[in-house]
Peer 1: 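One structure is given below, represented as structure tokens, and several questions about it will come after.
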Amino acid sequence: MDKTHFNEQPWGIHWFRRDLRFDDNPALSLNLERTHGRTVGLFCFDSKFLSRDDFSHRRFAFFIETIKSLRQDLELRGGQLLVVDGQPDEIFTEIVRQASAFGPPKLVTFNRDYEPFARERDKRVTALLQGLNVDVVTERDHMIFEPHEITKPSQDKSPYQKYSPYLKRWLARFHEAEGRRRVSPFAGATRRGAKDKKMFKLAWADVFESIPEKLSDRLEAFQTQNIKKFQGDLPPAGFAAAREQVAQFAKVLKDYARDRAIPARRGSAELSKYFKNGSLTLAHVIQDLKLADVEATDSTGPGKFLKELIWREFYYYTLYHFPKVEQGAFIEKYRELKWEGGDELFRKWQRGETGVPIVDAGMRELAATGWINNRVRIIVATYLIKDLLVDWRRGERHFMNELIDGDLAPNNGNWQWVASTGGDSQPFFRVMNPWVQGKNFDPDAEYIKRWVPEVKGAAAKLLHEEEADRSRFNYPAPLNKHSVQKTKAIDLYRREGSQEQT
Ligand SMILES: Cc1cc2nc3c(=O)[nH]c(=O)nc-3n(C[C@H](O)[C@H](O)[C@H](O)COP(=O)(O)OP(=O)(O)OC[C@H]3O[C@@H](n4cnc5c(N)ncnc54)[C@H](O)[C@@H]3O)c2cc1C
């Protein structure tokens with residue numbers, strides 16, 4: 001390629017983060033439009049993250065598969081994705097420096113992220129790029145309504161703390177013309193030119209004489225490194241796989257309200273892992289499942305499902321407006337609760353050796369697959385906090401280490417909900433009984449027997465009764481008595497005053 005000629009034309013970088021797809025990608029589309037296809041893709045992964053205490057090798061393995069699928073989708077259209085090891089600040093500085101002969105990029109685009117860490121980073125990187133005379137343009141992508149768009153109608157426009165009024169406001173906006181537009185078929189360049197094999201007209205090799213060491217591609221090295229830590233099965237990754245999952249789920253959507261909580265049936269969508277990486281957005285799902293016209297009062301499958309999607313938005317919203325939740329309880333007085341449950345109990349919970357069959361089944365499924373349904377998450381989390389009296393933040397971190405869909409906002413929000421410490425949460429005096437939960441949601445113990453094989457020969461009744469003797473199955477007795485622990489848990493919160501005085 002004639003670099004002198006090319007040099008005179010603007011080119012751009014699309015910085016991928018949690019929008020790992022080519023299809024219907026707003027900021028990528030904008031980049032392609034403004035640069036007439038002279039766009040290259042970049043992903044920065046800082047290998048320091050590998051030692052973070054909320055890191056998950058399984059999630060990282062799935063992320064790598066997602067990146068590979070994205071790379072393929074870009075290459076099909078002549079595009080490129082460079083995966084580098086480093087902080088975006090230093091990487092962009094290096095790119096601009098090394099591209100000086102060719103000419104610096106005119107434009108960097110990215111889709112907005114709302115986590116506290118990401119917002120700080122994006123502010124910093126934007127200032128840096130602007131200082132280097134690079135335009136920065138960002139787009140809304142993974143939320144239908146960004147956190148600042150939903151506020152109380154009151155004068156001060158303060159944020160909601162509770163889900164119900166937030167939901168009402170969200171649905172009202174959703175039914176306005178702008179809400180409709182946001183879930184209408186995408187009209188950007190990546191949709192219009194999806195079949196264009198030469199859509200991308202620039203390669204990284206055009207920009208640099210030779211790729212500098214700091215900007216060399218590290219995807220394979222990351223994969224090799226991670227494979228030493230995780231080698232289990234993974235679900236299919238990427239946009240096409242996510243779309244296929246939506247198509248499969250469409251067949252059982254009508255039964256969602258009934259089956260979503262029954263672990264033996266797997267009646268939920270299993271889409272969270274795709275949302276997490278941005279293989280898919282809520283808008284795709286709302287379109288594909290025709291949820292835009294669902295009435296607010298609808299309590300059948302589609303209505304219930306839409307409201308679950310809105311829970312996801314609510315937790316991003318909460319983290320955005322109340323970033324303190326990342327550090328601990330939303331309700332200040334519950335920040336220093338004195339948890340008596342120690343390491344031994346915590347380890348038994350992690351390993352699924354508590355002697356409570358539904359809890360052990362859940363924890364073993366989590367360890368084996370990286371996913372459990374929402375009801376089972378609530379059961380095991382409640383048990384850890386209210387029966388074992390272990391600090392909920394240890395459970396929150398363990399979930400991040402295990403979950404394939406582990407995601408700060410919904411994980412933290414849900415743990416706070418269960419722990420009764422959130423802005424909207426389960427009242428502390430309503431303590432769920434795991435034995436009753438097991439009976440209600442796994443009456444025939446089909447799920448329990450799938451994951452706790454040593455009790456395969458036991459009658460379901462025996463697995464749902466706290467007092468029953470299960471020792472002949474070589475299965476441990478429960479670690480403690482639910483009614484005793486429940487009283488202790490309530491006392492623990494009560495000592496800090498009633499929940500209403502926040
Ligand atoms: C203790 C605990 C920890 C959790 N940690 C996470 C997490 O790290 N990442 C995560 O994505 N979800 C988390 N959830 C929420 C929820 O359990 C999962 O999103 C859901 O089980 C994913 O499976 P699905 O896609 O089949 O869900 P479906 O029931 O099919 O729901 C569809 C989508 O709605 C959203 N959704 C459903 N329920 C919730 C909820 N309670 N809160 C927020 N969004 C919801 C998810 O995006 C989900 O993919 C957690 C829940 C609990 C109780």
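Order of appearance sets the numbers: ligands from 1, and atoms from 1 within every ligand.
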Peer 1: Going by the atom numbers of ligand 1, which of them fall below 4.0 Å from some non-hydrogen atom of F399?
Peer 2: 1 (C), 2 (C), 3 (C)
Peer 1: Atom CD of residue position E149 - does it have more than 12 heavy atoms of other residues, nucleotides or ligands inside 6.0 Å?
Peer 2: yes
Peer 1: What do you reckon, does Y256 put a non-hydrogen atom under 4.0 Å from ligand 1?
Peer 2: yes
Peer 1: Does ligand 1 have any atom that is closer than 4.0 Å to a heavy atom of Y274?
Peer 2: no
Peer 1: Which residues pass the ring pair (Phe, Tyr, Trp, His ring centres under 6.0 Å) test with F314, sequence neighbours left out?
Peer 2: Y163, Y166, W311
Peer 1: Pull out every atom of ligand 1 sitting under 4.0 Å from any heavy atom of F305, numbered as shown with elements.
Peer 2: 30 (O), 31 (O), 32 (C)
Peer 1: Looking at ligand 1, would F249 count as a contact under a 4.0 Å heavy-atom criterion?
Peer 2: no
Peer 1: Taking the six-membered ring for Trp, are Y114 and H142 parallel (under 30°), tilted (30 to 60°) or perpendicular (over 60°)?
Peer 2: tilted
Peer 1: At what distance is the nearest protein heavy atom to atom 21 (O) of ligand 1, and which residue and atom is it?
Peer 2: N374 N, 3.4 Å
Peer 1: Enumerate the atoms of ligand 1 whose separation from the nearest heavy atom of S268 is less than 4.0 angstrom.
Peer 2: 24 (P), 26 (O), 28 (P), 29 (O), 30 (O)
Peer 1: Note the single closest protein heavy atom to atom 33 (C) of ligand 1, along with its residue, its atom name and the distance in Å.
Peer 2: L309 CD2, 3.6 Å
Peer 1: Note the single closest protein heavy atom to atom 25 (O) of ligand 1, along with its residue, its atom name and the distance in Å.
Peer 2: L271 N, 2.9 Å
Peer 1: Among all protein non-hydrogen atoms, which one is nearest to atom 6 (C) of ligand 1, and what is the separation to 0.1 Å?
Peer 2: R377 NH1, 3.3 Å
Peer 1: Would you please classify the geometry between the Y334 ring and the F428 ring as parallel, tilted or perpendicular, with 30° and 60° separating the classes?
Peer 2: perpendicular
Peer 1: Which residue owns the protein heavy atom closest to atom 35 (C) of ligand 1, what's the atom, and how far is it?
Peer 2: E308 O, 3.4 Å
Peer 1: Look at R21 together with D23 and state whether they make a salt bridge at an N to O cut-off of under 4.0 Å.
Peer 2: no
Peer 1: Output the list of atoms in ligand 1 that are nearer than 4.0 Å to some heavy atom of F275, sorted by atom number.
Peer 2: 47 (O), 49 (O)
Peer 1: Enumerate the atoms of ligand 1 whose separation from the nearest heavy atom of W415 is less than 4.0 angstrom.
Peer 2: 1 (C), 3 (C)
Peer 1: Counting only heavy atoms from other residues, nucleotides and ligands, does the tally under 6.0 Å from CZ of R52 exceed 12?
Peer 2: no
Peer 1: The criterion is side-chain hydrogen bond (donor to acceptor under 3.5 Å, both in side chains); which residues satisfy it with E295, sequence neighbours excluded?
Peer 2: none
Peer 1: Validate the cation-pi geometry between R394 and F346: distance from NZ or CZ to the six-membered ring centre under 6.0 Å, angle to the ring axis within 45°.
Peer 2: yes
Peer 1: Looking only at non-hydrogen atoms, which of S56, A269, S272 approaches atom 22 (C) of ligand 1 most closely?
Peer 2: S272
Peer 1: Going by an N to O cut-off under 4.0 Å, is there a salt bridge joining D405 and R377?
Peer 2: yes
Peer 1: Which atoms of ligand 1 sit under 4.0 Å from any heavy atom of D407?
Peer 2: 7 (C), 8 (O), 9 (N)
Peer 1: So if I count the atoms of ligand 1 from 1 in the order they appear, which ones are less than 4.0 Å from some heavy atom of E270?
Peer 2: 24 (P), 25 (O), 26 (O)
Peer 1: Students often mix this up, so state it plainly: with edges at 30° and 60°, are the rings of F63 and F43 parallel, tilted or perpendicular?
Peer 2: tilted
Peer 1: Under 4.0 Å between a side-chain nitrogen and a carboxylate oxygen: does that hold for E146 and R112?
Peer 2: yes
Peer 1: What residue among T138, N25, T281 forms side chain to side chain donor-acceptor pair (under 3.5 Å) with N111?
Peer 2: N25
Peer 1: Which ligand 1 atoms does W371 reach within 4.0 Å, using its non-hydrogen atoms?
Peer 2: 22 (C), 23 (O), 26 (O)
Peer 1: Looking only at protein heavy atoms, which one is nearest to atom 41 (N) of ligand 1, and what is the separation?
Peer 2: N414 OD1, 3.0 Å
Peer 1: Among protein heavy atoms, which sits nearest to atom 4 (C) of ligand 1, and what does the distance come to when rounded to 0.1 Å?
Peer 2: N411 OD1, 3.5 Å
Peer 1: Return the option from V380, D405, V376, D54 holding the heavy atom at the smallest distance from atom 7 (C) of ligand 1.
Peer 2: D405
Peer 1: Can you tell me the protein heavy atom closest to atom 47 (O) of ligand 1 and the distance?
Peer 2: R312 CD, 3.2 Å
Peer 1: Specify whether F399 and W415 have parallel, tilted or perpendicular ring planes, treating 30° as the upper limit for parallel and 60° as the lower limit for perpendicular.
Peer 2: perpendicular
